Amino acid sequence: MRLTKLFGKTQREIPAEADTISHQLLLRTGMISQLAAGVYSYLPLAWRSLKKIEDIVRDEMNKAGGQEITMPVLQPIELWQKSGRAQSMEKTLFTLNDRRERTMALGPTHEEVVTVLAAHFIQSYRDLPLTLYQIQTKFRDEPRPRGGLIRVREFTMKDAYSFDIDEAGVEKSYQSMLHAYENIYARCGLKAILVEADSGAIGGKFSHEFILPTESGEDTVISCPKCGYTANAEKAVFNKGKVKNDKPLPIEEIATPEMKTIEELVKFLKIPSSQTLKAVLYAADGKFIFVVIRGDLPVNEIKLKNALHCQDLRLATDAEVTEQGIIAGSASPVRLKGIKVVADDSVNSGTNFVAGGNKPDTHIKNVNYPRDFKADVVTDIALAQANDTCADCGTKFVSVKGIEVGHIFVLGTVYSTKFGANFIDANGASQPILMGCYGLGMGRLLAAAIEQHHDDKGIIWPLPIAPYQIYLCPLYRDGTKVGEVAEKIYEELEAAGLEVLFDDRQESPGVKFNDADLLGMPLRITISPRTLEKKSVEVKWRSEKESSLLPIEGLAHALKQMIAKKSI
RNA sequence: CGGGGUGUAGCGCAGUUGGUUAGCGCGCAGCGUUUGGGACGCUGAGGUCGGUGGUUCGAAUCCACUCACCCCGACCA
């Protein structure tokens, strides 16, 4: 491809709206263009790269036994009402009305449709196991699109669905997908880590996420450097330890003037925060919830949400707190009546805690569970952080931020039961099909790849997903043969099946080199009077500092070898 | 939805105690000189100052409403 013909231009300045590095680079290279919040056009360079990622994904899906299909984006809302997700996904679902005023949804994912499809065609255990997948556009009205391609409202996703007759079969399907995912990231030249995850709104038994570590990531991964335990912070369990375990003493009110936060209280009383109980007030689907947790631990709202089985969870407003007769800054589970209490199991990790007094400027000493207060639910609702200790081996956790680029679930019979997707087993009995689902965001993977592979000059494409393998960069000079030779080399390389982006612009060397670095094709070939004297061209990997000379004679062959060697 | 911010040329910005022809840099077009890390000169094109309504002799500038986009939180590939 000639740069003078390529649709899309590089730009020197960083667009003001872009904060994330991948977003900045995608815009500066002219790969994407925004139409609305979370809605983008993909220009030729981005599209080529996406196609390469698709090819890899498709290949691995096929190898894992998947069959490619395409399902409708336009879906009757009744399907979503039947699964219950019209409610649970609520505003995320894009809906529209057809001319007969029937409501349709633009598919945010395809569990409903694929289950209906499976129900149509699967009758016997002989039809199973089966894995179907598609690579296709999804629509989600995200509350907040962000970071360029990292979180968008219209995006291409590879989604696969497995169907099995029993647990053992599900396990097998799940494992083979897991391996396919690992292959995909490796083949794209990306380092993804496998973490245990919360299964979220899709529902189901257990799940894993693949996270690409990068600073601008939305997720936090907690891992144990010793035993290898790795989980999303949303899900991670940890050892909360034991704190002072003295004999329970009688409760006692103490004056704590102006002490509203745990921090202030701890300073004032000169005790560790782990010796206090913190109250956090929530509204869960509009109902008031009193949460108690040890003072040194943050609440994990995902775990809390799961414990409450609620759709919507938010902090209670000041007005709601006051309405319940609770004194903010001194809220207490002791002597609380008529309010649902959820306690983190850390309330059992010690004795004689300091808790709120539910009176202004007052706290209570020597609070013990369950002697002094009751909880409707006691479970793990604490958020794991770096330096917490591993529940398995007691080592301190480390944490890393990253972007979720893949998520796999075991669904069980959640959808098959709702949509009557059954099969006849070997004994002639009807049973619901066991399902799994496996998602992978294509555009997000592209963005994450850039996040992981760039420097201050621009992108450094991993070879397998680079839009072009080679950046051909002649430095024109009047009265020399540079132009002529470049044209010839361009034709030869293309003829040899190499992917070449030919910078045929009449620009100064500085401009060309800077664009070469910005665009980040893996190999740069420079032709100048200087190299021509030696009947050579200069070859340089974008990822490396040093360049070398290669003879023009047999160049295509030599480059192919370099590329083949790099691909291994 | 809650909190914060920004809308002036394709991009980055200035101009905002109201004052007439709205500027600068990059980019773009033409000509010339240049050429191994974003060269230089000259000439030129390009603007509903996000929108609507108001105040005023006069609004990019003041007021009201509104829209869009970005960032932080709840959601997710």
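Quantities reported herein were computed from a predicted structural model and do not represent experimental measurements. Each chain gets a letter, A, B and so on, in the order its sequence line appears, and its residues count up from 1.
Under the Watson-Crick or G-U wobble criterion, with both distances below 3.5 Å, B:U6 is paired with B:A68. The partner of B:G73, taking Watson-Crick or G-U wobble pairs whose two distances both stay under 3.5 Å, is B:C1. In this structure B:A14 sits in no base pair that meets the Watson-Crick or G-U test at under 3.5 Å. In this entry B:C62 has B:G54 as its Watson-Crick or G-U wobble partner, both defining distances falling under 3.5 Å. Shown here, B:C31 forms a base pair with B:G41; the pair counts as Watson-Crick or G-U wobble because both key distances fall under 3.5 Å. With a cut-off of 3.5 Å on both Watson-Crick or G-U wobble distances, the partner of B:G47 is given as none. Of the nucleotides present, none pairs with B:G36 by Watson-Crick or G-U wobble criteria with both distances under 3.5 Å. With a 3.5 Å ceiling on both atom-pair distances, B:U21 lacks any Watson-Crick or G-U wobble partner.
B:G3 atom P lies 14 Å from atom CZ of A:Arg314, rounded to whole Å. Residue A:Leu446 contributes atom CG, which lies 19 Å from atom P of B:A77 at whole-angstrom precision. Taking atom CG of A:Leu212 as the reference point, atom P of B:A77 lies 16 Å away to the nearest angstrom. We find that CD of A:Glu218 is positioned 10 Å from P of B:A74, with the value rounded to whole Å. With rounding to whole Å, A:Glu90 atom CD is found 12 Å from B:A74 atom C1'. Across the protein-nucleic acid pair, A:Ile135 atom CD1 and B:A77 atom P stand 17 Å apart, rounded to whole Å. Atom P of nucleotide B:G38 and atom NZ of A:Lys9 are separated by 21 Å, given to the nearest angstrom. Rounded to whole Å, atom P of B:A68 lies 13 Å from atom CG of A:Leu35.
For A:Asn514, counting side-chain heavy atoms from C-beta on, the closest listed nucleotide (B:G38, B:C69, B:G36) is B:G38. Across B:C71, B:A77, B:G36, the shortest atom-to-atom separation from the side chain of A:Arg530 is found for B:G36. Comparing B:C76, B:G36, B:G12 by their closest approach to the side chain of A:Pro509 singles out B:G36. The listed nucleotides are B:C69, B:C75, B:G36; the one nearest the side chain of A:Arg477 is B:G36. With B:G37, B:A39, B:C76 as the choices, the nucleotide that has an atom nearest any side-chain atom of A:Arg151 turns out to be B:C76. Residue A:Thr531 places its side chain closer to B:G36 than to any other of B:G36, B:A39, B:G37.
At a cut-off of 3.5 angstrom, the base of B:G10 holds no donor-acceptor pair with the side chain of A:Gln11. For B:G37, its base sits under 3.5 Å from the side chain of A:Arg524 at one donor and acceptor pair at least.
No hydrogens or angles considered: nothing links the side chains of A:Glu112 and A:Trp80 as a donor-acceptor pair under 3.5 Å. Side chain to side chain, A:His23 and A:Glu17 fail the donor-acceptor criterion of an N or O pair below 3.5 Å. Side-chain contact of A:His110 with A:Tyr161: a donor-acceptor pair under 3.5 Å is absent, judged by distance alone. In this structure, a donor-acceptor pair under 3.5 Å is absent between the side chains of A:Asn300 and A:Glu234. Under the 3.5 Å distance criterion, with hydrogens and angles disregarded, no donor-acceptor pair is assigned to the side chains of A:Glu546 and A:Ser548. Checking A:Lys158 against A:Tyr181 by side-chain atom types alone, a donor-acceptor pair falls below 3.5 Å.
Comparing the same atom, P, in B:C69 and in B:G23 gives a spacing of 31 Å after rounding to whole Å. Rounded to whole Å, the separation between the P atoms of B:C49 and B:U8 comes to 11 Å. Rounded to whole Å, the separation between the C1' atoms of B:G15 and B:C24 comes to 10 Å. Taking atom P in both B:U20 and B:G5, the straight-line distance is 30 Å, to the nearest Å. The same atom, P, is picked in B:U6 and in B:C62; the two are 13 Å apart, to the nearest Å. Separation of the C1' atoms belonging to B:U34 and B:C40 is 7 Å when rounded to the nearest angstrom. Look at the C1' atom in both B:G7 and B:A14: the space between them is 15 Å, to the nearest Å. Comparing the P positions of B:C1 and B:G47 gives a spacing of 36 Å, expressed to the nearest Å.
Backbone-only contact: A:Ile14 has heavy atoms under 4.0 Å from sugar-phosphate atoms and none from a base. At a threshold of 4.0 angstrom between heavy atoms, the contacts of A:Ala36 are confined to the sugar-phosphate backbone, with no base atom among them. Within the 4.0 angstrom heavy-atom criterion, base atoms lie near A:Val511. Base engagement by A:Glu404 is indicated by at least one non-hydrogen atom pair under 4.0 Å involving a base atom. A:Asp517 comes within 4.0 angstrom of a nucleotide base, judged by non-hydrogen atoms across all strands. Nucleic acid contact for A:Pro145: sugar-phosphate only, since backbone atoms but no base atoms lie under 4.0 Å from a heavy atom of the residue. Contacts of A:Gly147 with the nucleic acid, taken as non-hydrogen atoms under 4.0 Å apart, involve only primed sugar atoms and P, OP1 or OP2. As judged by a 4.0 angstrom heavy-atom cut-off over every strand, A:Ile302 is placed among residues touching the sugar-phosphate backbone only.
Within 6.0 Å of atom CD in A:Gln87, 12 or fewer heavy atoms from other residues, nucleotides or ligands are found, so the atom counts as exposed in its surroundings. Within a 6.0 Å radius of NZ in A:Lys91, no more than 12 heavy atoms belonging to other residues, nucleotides or ligands are found.
Here A:Phe155 counts as stacked on B:A77: its ring centre is under 5.5 angstrom from the base ring centre and the planes meet at under 30°.
With rounding to the nearest 0.5 angstrom, the CG atom of A:Leu445 is 7.0 Å from the CG atom of A:Leu212. Between the NZ atom in A:Lys191 and the OG1 atom in A:Thr214 there is a gap of 12.0 Å [rounded to 0.5 Å].
Residue A:Arg144 places at least one side-chain N or O closer than 4.0 Å to OP1 or OP2 of B:C71. Between A:Gln34 and B:C70 there is a side-chain N or O to OP1 or OP2 distance below 4.0 Å. Residue A:Arg146 has no polar side-chain atom (N or O) positioned under 4.0 Å from OP1 or OP2 of B:C69. For B:A39, the OP1/OP2 oxygens have a side-chain nitrogen or oxygen of A:Ser508 closer than 4.0 Å.
Both A:Asp219 and A:Arg12 lie near RNA chain B, and the one whose nearest nucleotide falls closer to the 5' end is A:Arg12. Residue order along RNA chain B, read from the 5' end via each residue's closest nucleotide, puts A:Pro15 first among A:Lys305 and A:Pro15.
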